[in-house]
Amino acid sequence: APRPHKPTVVVFPGELRTNLTDKELAEEYLFRYGYTHVAELSNDKQSLSRGLRLLQRRLALPETGELDKTTLEAMRAPRCGVPDLGK
Amino acid sequence: FQTFEGDLKWHHRDITYWIQNYSEDLPRDVIDDAFARAFAVWSAVTPLTFTRVYGPEADILIQFGVREHGDGYPFDGKNGLLAHAFPPGPGIQGDAHFDDEELWTLGKGVVVPTHFGNADGAPCHFPFTFEGRSYSACTTDGRSDDTPWCSTTADYDTDRRFGFCPSEKLYTQDGNGDGKPCVFPFTFEGRSYSTCTTDGRSDGYRWCSTTANYDQDKLFGFCPTRVDSAVTGGNSAGEPCVFPFIFLGKQYSTCTREGRGDGHLWCATTSNFDRDKKWGFCPDQGYSLFLVAAHEFGHALGLDHSSVPEALMYPMYSFTEGPPLHEDDVKGIQHLYGPRPEPQPQPPTAQPTAPPTVCATGPPTTRPSERPTAGPTGPPAAGPTGPPTAGPSEAPTVPVDPAEDICKVNIFDAIAEIRNYLHFFKEGKYWRFSKGKGRRVQGPFLITDTWPALPRKLDSAFEDQLTKKTFFFSGRQVWVYTGTSVVGPRRLDKLGLGPEVTQVTGALPQGGGKVLLFSRQRFWSFDVKTQTVDPRSAGSVEQTYPGVPLNTHDIFQYQEKAYFCQDRFYWRVNSRNEVNQVDEVGYVTFDILQCP
């Protein structure tokens, strides 16, 4: 059977936020919408998991603390720009 | 539900809003209507009222912007972040901003109003079938004059309903070319152009010359946006796709998802993306401006995001055609403002005197080719076969609740002298006022009780003394009542007013069957008998009525004097000795209605 060709991903000029990794997307999202603060941004798994758990609870998603498919889909959904937490 | 820290809320009930600018994705009247309905979602369950004003003093300022738009919270291009708003308070607080790199629709694809044709301005229906083929954009197929058209029903082959799509071949907007269509080719800085261009501008708006030589004549206009085929986002928003185009050496003759990880369809706006790198996203369902606005206005009233996925205040967008408010939203907003007061029962009051009526069983008065048809805003007009309406029925003359007290209305939709009464129209209701009767105000009455065919929101009205015909204007539609008999809605085109006239803001009868019709800063002489304007009679308010503001939203004549209204004020113009002179400025409610 024909093998599906590997999709080529292109950088489109003028577009912001191109080709972020899932982790980069998550970190940027958690910070933008008030789930983590600059001080907490660090590489340890704990801080990311803490932020994810907060988000999952706030958005009524399954609370796994993991960057799972459901959470990633939620982060890619069109939404309002007002932060979910904080002032 | 969540509110903002400290229960931030408005401490007055009559909230005002100002639509500061517009997206080009939707006709302006559709944008106005979407915002009005979004506010109505909240006024239906609270004591709050929302009134549109035309200046920065408004509580809620509504703005479309892209990327960094002045508040330090930049938008992020297409999709992702759609809009944001600030909690109640002074200054930027309470304002709502919308990302203009999104495609704003009513949630079900682009809204393309049509011109001419036989569909009375109804919007395009996408997809539609023509000669067995399906179209999801306007097309020039089947025409030799290359003018884009569309069907206004799903099947042109059977229904034969069509209209022409916005096109620079039909008209231009603003500029100084008087709305005339583009002339191609035209010469600009010695170069020949056979399409619209953004050359020579830094704001990216597409324009053309309305004569063959711009260098010589300096006459131009802006090209209508072809939302059905223009791309959004990317780096050439507003441009049409070019098919076929080359991408990574391969040829594409439709929009594609190739090269993207997010699944969005895109196209190139030149024939070779590999060389020119010009692109944008193809039209899709877009985002419902009504739903996103209702959500943002929830923030502007003091609600924070909810954790209930079905709630309007949940942060993620999802399209619904049902009522947008969830129980959680209602609890939240009533926590801040309380419920909407129920109207108090009132004792019956005396019947107001009825205007003369025409026998309702007479034949239809319209010519067959002018039979009233369903306009985009409403069902077929009741016409003479409807029940006779002997004036307002049962409406009390004592206000039902404070919100209906005429003295609480800041700005009226329209004001007109009809049957020697000054009528004040507002949101589906009207009051009658006569100086002669000791300045007594009667009403409110329901507009539809007296004039069943009329929409809720009017722009202006006038009565012709000779024929006793009363003309009502709303958007690009006009209704003519003779007693209870009505002709309309008809489009302003039938009166000879071109598509660039988006509304009639006022009328000044001149006697002898002539009336000046106003649209913002311009006016034309209208012949009541032929019901057409004289295109050569166009005049400028600024030149003819010096001293009145240029952005008046209502103009009417009362006891031989002209009144120009802006916000809560009026400028009265006296035309003695052929010289127009402002002889009084005052408040509509205090100085005309003598409100306390």
Side-chain angles (χ1 to χ4, degrees), chain A residues 2 4-38 51-64 67 69-87, chain B residues 2 4-6 8 67 73-87 97-99 101-102 233-237 247-248 257-263 266 273-274 276-281 287 292 295-296 298-299 303-311 313-318:
Chain A
H5 75 288
K6 196 168 169 323
T8 45
V9 179
V10 169
V11 176
F12 284 83
E15 192 167 43
L16 301 176
R17 288 190 289 113
T18 49
N19 307 322
L20 294 177
T21 64
D22 290 348
K23 187 166 179 296
E24 286 164 342
L25 172 69
E27 283 171 348
E28 195 225 4
Y29 193 98
L30 291 170
F31 172 68
R32 174 191 280 265
Y33 295 109
Y35 294 99
T36 53
H37 301 290
V38 171
L52 287 172
R53 200 173 285 278
L54 261 182
L55 174 135
Q56 287 158 347
R57 189 178 311 135
R58 188 81 171 84
L59 298 183
L61 300 175
E63 272 190 63
T64 62
L67 192 52
K69 188 168 174 298
T70 310
T71 306
L72 270 173
E73 271 172 11
M75 287 182 170
R76 287 204 171 86
R79 57 160 290 162
C80 167
V82 173
D84 298 329
L85 291 180
K87 286 217 173 70
Chain B
Q2 297 265 350
F4 290 105
E5 217 169 300
L8 290 177
R67 313 283 164 122
Y73 297 96
F75 288 136
D76 61 351
K78 189 170 170 58
N79 304 311
L81 197 163
L82 305 180
H84 56 216
F86 297 85
H97 301 166
F98 297 82
D99 183 355
E101 285 196 77
E102 309 303 344
N235 59 6
S236 42
F247 169 58
L248 296 182
R257 293 187 171 83
E258 276 300 314
R260 300 197 63 81
D262 56 16
W266 68 278
F273 175 82
D274 297 342
D276 306 321
K277 297 282 188 290
K278 300 291 274 180
W279 70 284
F281 292 102
Y287 297 108
V292 175
H295 175 99
E296 298 308 330
H299 287 315
L303 283 183
D304 201 345
H305 283 149
S306 162
S307 296
V308 177
E310 297 76 22
M313 293 312 294
Y314 190 70
M316 304 334 195
Y317 171 85
S318 64

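- The contact between B/E296 and chain A is made entirely by side chain atoms (from C-beta outward), counting heavy-atom distances below 4.5 Å.
- Panel note: side chain B/N235, backbone B/K278; no donor-acceptor pair is recorded below 3.5 Å.
- Within the 3.5 Å criterion, the main-chain N or O of A/R76 finds no donor-acceptor partner in the side chain of B/D262.
- Residues that satisfy the ring pair (Phe, Tyr, Trp, His ring centres under 6.0 Å) test with B/Y314, not counting sequence neighbours, are absent from this structure.
- Proximity to chain A involves both the backbone and the side chain of B/P315, based on heavy atoms less than 4.5 angstrom apart.
- Heavy atoms of B/E102 lying under 4.5 Å from chain A are absent altogether.
- By the 6.0 Å and 45° rule, A/R79 stacks over the aromatic ring of A/Y33.
- For the pair B/W266 (side chain) and B/E258 (backbone), a donor-acceptor distance under 3.5 Å is present.
- The part of B/F273 that comes within reach of chain A is its side chain, from C-beta onward, which places non-hydrogen atoms under 4.5 angstrom from that chain.
- Of the atoms belonging to B/Y73, not a single heavy atom falls under 4.5 Å from chain A.
- Interface remark: B/F281 contributes side-chain atoms only to the contact with chain A (heavy atom separation under 4.5 Å).
- Relative ring orientation between B/F247 and A/F12 is described as parallel, the plane-to-plane angle staying below 30° on a 0-90° scale split at 30° and 60°.
- For B/S318, no part lies near chain A; criterion is any non-hydrogen pair under 4.5 Å.
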